[in-house]
Amino acid sequence: MIRRASLLAAAAAVWGVAAWFLWRTTVPSSLHLPHVDEHGFFTAAQLHAAASFSRVEDILFWGTTLLQIAALAAFARWGARWARESAAGPVGTGMLLGMLGFALVWVVQLPLEVVDLWWQRRHDLSKVGYTSFLFGDWFSLAGQFVFLCLALAIVMGLARRFRSTWWIWAAPPFIGLTLLFAFVSPYLVTTHPLHSARLRAIASRLEVQEGVGHVPIEVQDIHDVTSLPNSEATGLGPSRRVIIFDTMLDGRFTTGELKVVIGHELGHLARHHIWKDVGWYALFAFPGLFLIAQVTKLRGGLREPAAVPLALLALVVLDLFALPLQNAISRHMEAEADWRALVTTRDPKDAIALFRRFVPTTLDEPNPSTWDYVMLENHPTIVQRIAMAEAYATSAAQSP
Amino acid sequence: MHQDHPVKLVVTDDLRRSRPRVFFTLLLAIPHFVWLFLWTVLMVVVVILNWVVALATGRPAAALHRLTCSYIRYATHVNAYVDLVANPYPGFSGEEGKYPIDVRLPELTPQSRWKTFFRLFLAVPALVMASALGGGGITYTTSSSGRSRFAGASARGALAITCAVLGWFASMAQGHMPKGLRDASAYSLGYTAQVMAYLLLVTDRYPDADPTAMLDGVGRPPVHTVRLVGDADDLRFSRLTVFFRLLLTIPHFVWLVLWGIAVFVAAILNWFVTLFRGTPARSLHAFISRYVRYQLHVYAFLYLAANPFPGFDGAPGRYPLDLQLPEPARQNRWKTGFRIVLAVPALAVNGALGYGLAAAAFLTWFVALARGSAPWGLRNFSAYALRYQAQANAYLLLLTDAYPHASPLEGAESPQHEFAEAA
Ligand SMILES: [Zn+2]
């Protein structure tokens with residue numbers, strides 16, 4: 001008993017120390033964010049458009065989430081009966097049940113997904129047709145099935161081998177897969193190099209300032225799918241790159257604003273945020289798998305296929321509860337990337353212009369409600385981002 | 001449970017083929033093509049007339065019924081001639097009992113008006129199957145503004161064409177048609193005749209794709225070393241797994257590919273071993289056997305020939321549709337050395353059967369979703385196609401040197417010899 005408690009305390013301590021290291025940031029702790037009134041930056045029409053768009057998106061988010069949980073709860077209750085449709089062994093039967101659970105969720109969510117598409121198309125944010133959406137959705141479900149089966153093969157195989165301690169053994173393979181995926185994901189999208197010589201020159205200068213070495217800046221053609229502007233820093237080591245959607249390069253954003261975008265993404269890479277993502281995943285994997293292992297004991301443990309429906313429900317519910325935490329971590333890193341962009345570009349004006357431009361182009365609310373902020377925002381709000389740029393401007397003016 | 005179909009294929013062919021007649025098959029058939037075309041044009045008018053009569057009186061007109069029966073017989077004779085399913089040159093009148101591949105058609109009986117009214121639409125699934133299997137005559141129809149219009153009098157199915165081409169070479173070489181190819185083509189012709197009889201209002205019984213019923217009376221081939229076993233009456237399907245069948249098979253596709261890479265290497269090794277020793281290596285044989293069995297399980301699941309989700313290990317005795325494979329045995333070195341070349345005809349037949357398999361699965365999907373059970377005939381056709389596929393795989397991957405047998409009939413312990421010539 002005492003041994004167990006001390007083991008737990010030691011694990012918690014390791015977890016805490018690791019989390020503390022991952023949480024460290026270069027944003028000065030003394031930085032004071034001024035109050036920013038969104039009405040000073042956005043017209044009433046812009047604010048109204050963003051608010052009305054987001055209201056429906058919020059309802060759709062909660063609708064799909066609740067439907068998913070309801071479907072999986074029903075499946076956890078009755079799903080095990082489909083085990084009789086399997087001639088496979090326990091692991092294969094578990095895979096069948098897992099896929100059926102996902103398939104049911106897909107069917108149940110589909111109407112709301114179509115409504116969401118309609119809503120996005122209505123606001124010119126999505127360019128996807130309904131037929132290609134259904135096909136694409138179907139294919140993404142197919143992809144999910146592959147990952148789901150791989151995950152179940154790992155988890156159930158280990159649960160059959162190690163009984164109650166399987167979760168300790170299962171975490172490393174999942175962390176390894178996450179690491180692998182983080183490494184290969186840049187190779188999975190088709191991109192082409194940035195054409196603009198001017199932006200390339202700006203990027204090289206920022207690379208030197210950040211000391212990240214050479215990072216290719218790639219463009220992803222996505223304007224057929226969406227009009228949403230976006231960019232990302234992806235990859236690890238040799239696969240590192242910054243990917244900019246071509247929707248950012250269609251003339252809606254100035255060179256100065258794009259400079260801030262590149263600065264932001266290089267900031268992610270300079271501060272090793274992809275590694276930190278994997279690190280946080282690792283920190284959540286152990287307790288998450290532990291909880292799933294405990295919950296599934298109700299159905300004989302995950303070595304039994306009958307426990308798979310319950311495991312899916314547990315996973316989704318845990319994910320929902322972890323979402324605020326994950327968003328907080330993401331916002332923390334995004335704030336640091338914003339800060340890096342300000343430090344390297346020394347251009348808070350362009351940063352503010354960029355953040356302002358996001359409201360009409362993405363219909364994001366500059367200052368969302370608390371619920372929205374906690375559950376959905378994985379970036380600082382636009383008001384917070386503007387505030388940071390203003391804080392930087394103030395501090396830069398004070399220190400010569 | 002499985003009643004006899006009123007449209008019955010009668011096979012009295014003895015497999016002998018005259019080489020000159022085989023060589024000039026298509027040229028000699030030209031007068032028949034012309035005549036069949038003219039008759040087909042006439043039949044368009046006849047069937048519309050008959051349709052009106054059948055709707056008005058509840059049964060087709062007797063004279064038109066007789067004319068249609070002759071047409072179906074004649075089309076079958078011509079196709080049998082062209083596809084080398086029978087040897088003699090056919091007559092032009094579609095007379096009954098005069099040709100070695102014949103069709104017995106039912107007497108005139110009252111027919112359901114509903115089934116008559118929607119006949120063209122009801123026939124669509126059977127036409128899909130027929131276009132995959134074979135036969136000529138009226139196989140493709142299109143509907144324009146409510147009237148039926150027959151397009152293409154000689155749209156021919158993949159299976160019959162493949163068997164005809166392969167049979168042509170075999171007949172030229174041997175002077176007789178291989179029984180497997182003949183049986184496969186005869187089955188296609190029988191099915192096509194049933195579809196024509198249904199479409200042309202000879203009967204309102206739906207075509208039945210069951211190969212065993214179709215070739216009732218035809219001698220069964222010898223037992224093959226690669227056999228399909230399972231409970232024939234197990235037709236129950238779970239609607240949920242039917243609905244998501246293709247998606248649920250995806251992990252199996254991934255596993256098939258990964259395992260297939262290893263099997264590819266193993267087969268090459270096994271080829272060398274079998275070539276030098278005369279018998280395959282036991283461990284490689286066992287490894288490849290499992291894969292071939294696994295593949296059968298997966299395709300039986302995908303193509304709705306069996307209900308449950310298969311395991312990933314290809315273990316015997318676990319799946320309702322299972323494969324019996326031979327132990328490693330001595331194989332002919334010549335057949336081993338040239339295995340890939342020798343397998344080409346079998347792969348062609350397998351490819352043609354693949355169309356039928358896909359069509360059968362497509363149709364079964366709807367039926368199984370609606371009824372929770374598979375249609376007997378289509379399921380049995382699928383079992384035939386899957387058996388052939390497994391035999392072809394086993395042959396190609398050196399599990400046996402017994403050539404795949406294209407006959408839709410299962411092998412019998414004491415095969416009835418129709419063709420007694422020493423092979
Ligand atoms: Zn970012």
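A note on names: the letters A, B, ... follow the listed sequences, proteins ahead of strands, and every chain is numbered from 1. Just so it is clear, the values below take in all heavy atoms, side chains as well, and ignore hydrogens, waters and symmetry mates.
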Quick one: does [X]'s side chain get under 4.5 Å of [Y]'s, heavy atoms only?
X        : Y        : answer
B/Phe244 : A/Trp106 : yes
B/Phe253 : A/Val146 : no
A/Phe102 : B/Leu247 : no

Is it true that atom [atom1] of [X] has more than 12 heavy atoms of other residues, nucleotides or ligands lying nearer than 6.0 Å?
X        : atom1 : answer
B/Tyr355 : OH    : no
A/Trp119 : CH2   : yes
B/Arg371 : CZ    : yes
A/Tyr130 : OH    : yes
A/Phe181 : CZ    : no
B/Arg236 : CZ    : yes
B/Glu410 : CD    : no
A/Phe162 : CZ    : yes

Q. Is chain B contacted by the side chain of A/Trp82, its backbone, both, or neither, given a heavy-atom distance below 4.5 Å?
A.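 For A/Trp82, the contact with chain B is made by the side chain alone.
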(Q) Using heavy-atom distances under 4.5 Å, tell me whether A/Val91 contacts chain B through its side chain, its backbone, both, or neither. (A)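 Neither part, no heavy atoms under 4.5 Å.
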Query raised in the report: Taking every heavy-atom pair that is under 4.5 Å apart, which of A/Ala103, A/Cys149, A/Gly89 has the most such pairs with chain B?
Result: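 Highest number of heavy-atom pairs under 4.5 Å: A/Ala103.
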Please round to the nearest 0.5 Å and tell me the distance separating atom [atom1] of [X] and atom [atom2] of [Y].
X        : Y        : atom1 : atom2 : result
B/Phe309 : A/Leu100 : CZ    : CG    : 8.5 Å
B/Ile250 : A/Met95  : CD1   : CE    : 13.5 Å
B/Ser238 : A/Leu96  : OG    : CG    : 8.0 Å
A/Leu104 : B/Phe243 : CG    : CZ    : 10.5 Å

Among B/Asp313, B/Leu240, B/Leu246, which residue forms the greatest number of heavy-atom pairs with chain A at distances under 4.5 Å?
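Greatest number of close heavy-atom pairs with chain A: B/Leu240.
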All heavy atoms of B/Tyr319 vs all of A/Ala87, minimum pair found to be CD1-CB, 3.5 Å
(Q) Using a strict threshold of under 4.0 Å (side-chain N to carboxylate O), is an ion pair present between B/Arg239 and A/Glu85? (A) no
List the atom pairs, with distances to 0.1 Å, where a side-chain N or O of residues 360-370 of chain B and a protein N or O form a donor-acceptor pair under 3.5 Å, not counting sequence neighbours.
unit_1, atom_1, unit_2, atom_2, d
B/Thr364, OG1, B/Ala360, O, 2.6
B/Trp365, NE1, B/Val242, O, 2.8

